[in-house]
Amino acid sequence: MALINYSSKEINCKIVYYGPGLGGKTTNIKHIYSKVNPDHRGKLMSLDTELDRTLFFDFLPVDLGTVKGFSVHFHLYTVPGQVYYNASRKLILKGVDGLIFVADSQIERFEDNIDSMDNLNDNLNEYHKNVEELPLAIQYNKRDLPNIVSLNELEDALNPRGVFFCEGVACEGIGIFEPLKEVSKSVLRKLR
Amino acid sequence: MPMDKEESFEIEFQSIKDSLEELCRETKALSVLLIDKAGQLITSAGNVSSIDIPSFATLSAADFAATSTLADLIGERDFSTLFHQGVKKSIYISLISDKVILAVIFTKETTLGLVRIKVRKTAEKLGNSLEKIFDVLESEYSGAVDDDFINEAETELDSLFE
């Protein structure tokens, strides 16, 4: 839940990038770090393994600036996608306000996407939350690769709720800001 | 938020700030930070200008969350305090009212024992104020912001995430 501090006039929102391992979550957040005006973002912090796989999380604070007297901050997190890091994933979901699911479009990762979406639901349920109630957007990543699942099949499998989605090539910076904008706006609208 | 709630929030928030400043003074700590379990700073006392606050708050919460899970794995309910000792600076982190994390950063000018005692005292004082603050923080935010806020925020988001 967004933390509104009426005394210091601050609004803090937590947005989590979720999805299967090696799907491109960290690439998304690194691109955001490189493109957002440095005056509006903090340091990118990565807790990863020696092999550069996310161990605990990546974290990037982004400041929207002052809106109607409130200083608005977005805290972006990625979770480790590998199946065996579920304990870390669950911890990062604590207090989540919005989600961006980064799906891997490759045919051989199709089942991993579905497992990861199921895992997201299971982990949210432990916090008595439901993915249906949270702002969510989906990025179908790696659309530049040859061996990919069609968009329709991905949509059928992962997006029964019909939330915002876009095609992405995260390593080239394609389709990164659209889902972030969508979810950020939905998170703020929930405060209305 | 209705005015009486806002006033009550202000009063309790100021009382929390005062308690943190007293704790900081009495323990000669460098800084004291109150953080929610999701890793967001609620307020602080002392000198925090040299700290990257968002990273510190996030890591403290993650540290605590990871340790709580470790406790669970060995059948403990929770480890309510964490202590990281450095050569020059140390950090004492404790869970208060099961809701927020209090982190004290201190040097060799003070002792762990003193920090521990004073934190316990502060935790007792904060309990009631925290309950009231969280009543407000955890209430539904409908009406927290208006349409003008949303319109302006959306314009800012469009320009920030171009």
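Residue numbering restarts at 1 for every chain, and letters A, B, ... go by the order of the sequence lines.
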I need the [X] [atom1] to [Y] [atom2] distance, nearest 0.5 Å.
| X | Y | atom1 | atom2 | result |
| --- | --- | --- | --- | --- |
| B:Leu59 | A:Met45 | CG | CE | 3.5 Å |
| B:Leu157 | A:Phe74 | CG | CZ | 5.0 Å |
| A:Asn12 | B:Leu41 | CG | CG | 8.0 Å |
| B:Leu160 | A:Arg41 | CG | CZ | 11.0 Å |

Co-membership, hydrophobic cluster, residues [X] and [Y], 4.5 Å side-chain:
| X | Y | value |
| --- | --- | --- |
| B:Phe64 | B:Val100 | no |
| B:Val48 | B:Ile35 | yes |
| A:Leu151 | A:Leu145 | no |
| A:Ile174 | A:Ile138 | no |
| B:Leu33 | B:Leu23 | no |

Is the number of heavy atoms from other residues, nucleotides or ligands under 6.0 Å of A:Lys9 NZ greater than 12? yes
Check this for me: B:Arg77, atom CZ, are more than 12 non-hydrogen atoms of other residues, nucleotides or ligands nearer than 6.0 Å? no
Can you name the nearest heavy-atom pair linking [X] to [Y], along with the distance?
| X | Y | answer |
| --- | --- | --- |
| A:Tyr77 | B:Ala38 | OH-O, 3.7 Å |
| B:Gln40 | A:Lys14 | OE1-N, 4.3 Å |
| A:Phe57 | B:Ala62 | CE2-CB, 3.4 Å |
| A:Lys181 | B:Phe161 | CE-O, 3.2 Å |

Most contact-rich option vs chain A, by heavy-atom pairs under 4.5 angstrom, among B:Glu156, B:Glu162, B:Glu154, is B:Glu154
Picking from B:Thr69, B:Asp147, B:Thr155, which has the most non-hydrogen pairs under 4.5 angstrom with chain A? B:Asp147
Just give me the residue among A:Ala87, A:Ser184, A:Gly42 that pairs up with chain B most often, heavy atom to heavy atom, under 4.5 Å. A:Ser184
Heavy-atom pairs under 4.5 Å with chain B: which of A:Val67, A:Leu188, A:Ile92 has the most? A:Val67
Start with the C-alpha gap between A:Phe177 and B:Asp158, add the side-chain angles, then the distance that decides, and say whether side chain to side chain contact (heavy atoms under 4.5 Å, CB included) holds. CA-CA 9 Å; A:Phe177 284 115; B:Asp158 286 335; over 6 Å; no
So, do A:Val72 and B:Phe149 sit near enough that their side-chain heavy atoms are less than 4.5 Å apart? yes
Please determine whether side chain to side chain contact (heavy atoms under 4.5 Å, CB included) holds for the pair A:Lys68 and B:Asp148, giving the CA-CA distance in whole Å, both sets of side-chain angles, and the decisive distance to 0.1 Å. CA-CA 8 Å; A:Lys68 298 273 170 206; B:Asp148 283 351; 3.6 Å; yes
